[in-house]
Amino acid sequence: MLMAHPVVLHMLVEQYEALRAADAVNGGSDGPEARRRLEDVAYTLCVATGTTDVEAALVAARGRLPGARPADGAVPGS
């Protein structure tokens with residue numbers, strides 16, 4: 001399996017977290033464009049990490065970032 005570069009993973013995690021926070025603050029009222037962007041970033045995270053669930057993708061991405069430790073919830077070798 002191809003592995004995404006850690007810089008790309010870091011960027012995707014940051015984008016997802018920012019979009020998710022904005023969605024929570026606005027109660028999901030940002031409209032269809034914002035919702036679509038969140039879905040697109042979640043999908044890209046899943047593809048980049050070889051997962052099918054955004055929560056698993058976040059764990060996998062964070063585990064591949066520099067300084068990650070298995071105690072952080074990372075799955076070694078995934």
hydrophobic_cluster_shared for Val47 and Val8, side chain cutoff 4.5 Å: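 In one cluster with Val8: Val47, no.
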Tyr16 reachable from Val59 in the ILVMFWY side-chain graph, under 4.5 Å edges: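 No.
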Interatomic distance, Leu38 atom CG to Gln15 atom CD [nearest 0.5 angstrom]: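 With rounding to 0.5 Å, CG (Leu38) is 11.0 Å from CD (Gln15).
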Between CG on residue Leu45 and OG1 on residue Thr51, distance to nearest 0.5 Å: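 OG1 of Thr51 is found 7.5 Å from CG of Leu45.
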From CA spacing to verdict: side chain to side chain contact (heavy atoms under 4.5 Å, CB included), Asp40, Arg36: CA-CA 6 Å; Asp40 286 348; Arg36 180 67 180 162; 3.4 Å; yes
Closest heavy-atom contact between [X] and [Y]?
{"X": "Cys46", "Y": "Thr52", "answer": "SG-C, 4.0 Å"}
{"X": "Asp23", "Y": "Arg35", "answer": "OD2-NH1, 4.0 Å"}
{"X": "Leu12", "Y": "Ala48", "answer": "CD1-CB, 4.2 Å"}

SB check Arg20 Glu55 (cutoff 4.0 Å):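 Between Glu55 and Arg20 there is no salt bridge, as every charged N stays at least 4.0 Å from the carboxylate O atoms.
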Test log, rule side chain to side chain contact (heavy atoms under 4.5 Å, CB included), inputs His5 and His10: CA-CA 9 Å; His5 193 279; His10 180 71; over 6 Å; no
Validation row: Thr49, Arg64 side chains within 4.5 angstrom (heavy atoms):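 Yes - at least one pair of side-chain heavy atoms lies under 4.5 Å apart.
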